[in-house]
Amino acid sequence: MSDDGTQGLTIIAFIGSVFSPYYGWSRDKNPFDHCAMNVVLYGRPSRFAMTERKQGTLARGADHIAIGPSAMEWDGTELTVRIDERGAPLPRRIRGTVRLRPSGITAGPFHLDPAGRHRWWPMAPASRVEVSLSEPGLSWQGSGYFDTNDGDEPLADAFTRWTWCRAELPDGAAILYDVAHRDGGGRNLSLGFAFDGTRRDIRPPLSAKLPPTGFWRMPRETRSDDGKARVITTFEDTPFYSRSLLASTLAGEPVRAVHESLSLDRFRNPLVQLMLPFRIPRPLGG
């Protein structure tokens with residue numbers, strides 16, 4: 001998020017794109033043949049790009065990954081993302097550079113399911129970000145977050161839904177992650193991190209109701225110290241996923257939290273699967 005709160009940006013590098021209908025329909029289920037650099041701009045102007053690409057367009061190593069014309073590179077202190085994507089369904093370009101500088105790196109991943117098939121590592125909960133785009137022409141600085149996820153089975157096999165949110169605190173960041181397991185039960189994580197990445201326990205917040213999204217009526221909920229939260233802006237309103245900016249209280253501090261809700265039962269709906277190619281094109285040539 002930009003420091004003035006008017007701009008937002010999400011970038012996700014997918015190997016084995018978990019929301020790809022083509023991956024789900026494929027026979028060999030080869031994750032390397034279903035890659036994408038998902039880039040989403042929030043604010044004005046806005047953009048959405050998630051072109052799925054084949055294995056031949058992927059290059060990766062311990063400190064870099066390239067998917068088609070876009071790439072990420074880590075030099076030990078800074079993550080540099082070079083973006084060159086075309087949106088869908090509107091073919092508007094997104095080009096430029098994003099630099100993320102973590103204030104500290106956390107220790108190791110968390111298992112989200114009892115079998116340990118799904119892992120999440122909030123590597124840099126509190127970071128500074130510099131955004132410089134030529135298309136559209138945007139330049140800003142703000143607060144950022146960097147994590148990784150990996151798994152050994154489709155998400156919908158393990159979970160029915162989850163909610164997640166992250167908020168910057170005066171001395172670090174707070175993250176809430178609540179997952180519902182398909183076989184019953186779930187896991188609720190309430191995490192606090194100092195700027196250097198050191199984990200600190202925070203009191204598990206109370207459940208807080210949120211209104212569903214306006215168009216697709218996606219259910220939303222979160223947690224806060226006093227059981228109250230308010231939606232400031234809904235960034236993303238889709239049949240199975242929402243991303244929002246909330247006002248709430250965490251770790252005793254008034255915060256603005258980036259929040260997401262995901263319904264994997266909705267994602268499994270055949271009609272939703274047929275809609276996804278309009279947002280996730282897959283060029284024949286890779």
Side-chain angles (χ1 to χ4, degrees), residues 10-26 28-40 50-68 70-74 76 79-81 98 100 102 104-125 127 144-166 173 175-183 185-189 191 193 197 199 240-241 243 258 260-264 267-268 276 280 282:
T10 297
I11 306 170
I12 308 174
F14 285 104
I15 297 178
S17 180
V18 293
F19 301 119
S20 164
Y22 316 102
Y23 192 16
W25 297 331
S26 66
D28 60 4
K29 298 296 189 289
N30 176 11
F32 301 103
D33 206 33
H34 301 276
C35 301
M37 192 74 79
N38 179 213
V39 182
V40 190
M50 192 172 175
T51 300
E52 183 168 310
R53 304 183 189 278
K54 296 181 180 180
Q55 185 167 348
T57 70
L58 172 68
R60 64 190 182 118
D63 58 3
H64 69 277
I65 179 173
I67 300 173
S70 298
M72 296 181 173
E73 183 176 1
W74 172 252
L79 180 74
T80 300
V81 187
V98 177
L100 179 141
I105 303 296
T106 65
F110 295 85
H111 289 157
L112 298 178
D113 65 311
R117 296 191 181 98
H118 297 269
R119 297 159 295 274
W120 166 65
W121 185 1
M123 296 179 69
S127 304
Y145 161 86
F146 178 51
D147 71 0
T148 68
N149 296 268
D150 67 282
D152 304 322
E153 65 181 356
L155 287 176
D157 288 359
F159 310 111
T160 59
R161 59 183 175 85
W162 76 48
T163 64
W164 171 97
C165 80
R166 175 258 182 195
I175 304 174
L176 308 178
Y177 205 160
D178 299 332
V179 299
H181 299 148
R182 186 159 296 281
D183 59 1
R187 185 170 190 193
N188 300 332
L189 293 167
L191 307 175
F193 295 96
R199 181 181 172 185
F240 65 93
Y241 177 83
R243 183 177 285 129
V258 176
E260 69 176 22
S261 293
L262 172 70
S263 170
L264 290 158
F267 173 72
R268 277 183 160 182
L276 286 171
I280 310 176
R282 181 176 168 91

note = Taking every heavy atom of A156 against every heavy atom of R268, the minimum-distance pair comes out as O-NH2, 3.2 Å
query = Regarding W120 and D147, is there a side-chain donor-to-acceptor distance under 3.5 Å anywhere?
reply = yes
inquiry  = Around atom CZ of R243, are there more than 12 heavy atoms from other residues, nucleotides or ligands closer than 6.0 Å?
reply    = yes
query = Ion pair present between D33 and R282, side-chain N to carboxylate O less than 4.0 angstrom?
reply = yes
message = Working note: V18 + Y23, criterion side-chain contact (heavy atoms from CB on, under 4.5 Å); need CA distance, chi angles, decisive distance, verdict.
response = CA-CA 8 Å; V18 293; Y23 192 16; 5.9 Å; no
ask   = side-chain contact (heavy atoms from CB on, under 4.5 Å) with N188: which residues, sequence neighbours excluded?
value = D178, R223
key: Which residues share a side-chain hydrogen bond (donor to acceptor under 3.5 Å, both in side chains) with W74, sequence neighbours left out   = none
query = Between P122 and F193, is any pair of side-chain heavy atoms under 4.5 Å apart?
reply = yes
ask   = Hey, are R119 and D152 close enough for a salt bridge, meaning a charged N less than 4.0 Å from a carboxylate O?
value = yes
ask   = Looking at residues at least two apart in the chain, or sitting in another chain, which of them share a salt bridge (charged side-chain N to carboxylate O under 4.0 Å, His left out) with D183?
value = none
Distance flag, aromatic centroids of Y177 and F110, threshold under 6.0 Å = no
request  = Please answer whether the main-chain N or O of A66 pairs with a side-chain N or O of R60 as donor and acceptor at a distance below 3.5 Å.
outcome  = no
query = Is it true that the side chains of S20 and E52 contain a donor and an acceptor less than 3.5 Å apart?
reply = yes
message = Quick test of your reading of the model: are D150 and R117 salt-bridged, counting only N-O distances below 4.0 Å?
response = no
query = Taking the six-membered ring where the residue is Trp, are the ring centres of H34 and F14 under 6.0 Å apart?
reply = no
message = Check the orientation of F267 and F19. Use parallel for under 30°, tilted for 30 to 60°, and perpendicular for over 60°.
response = perpendicular
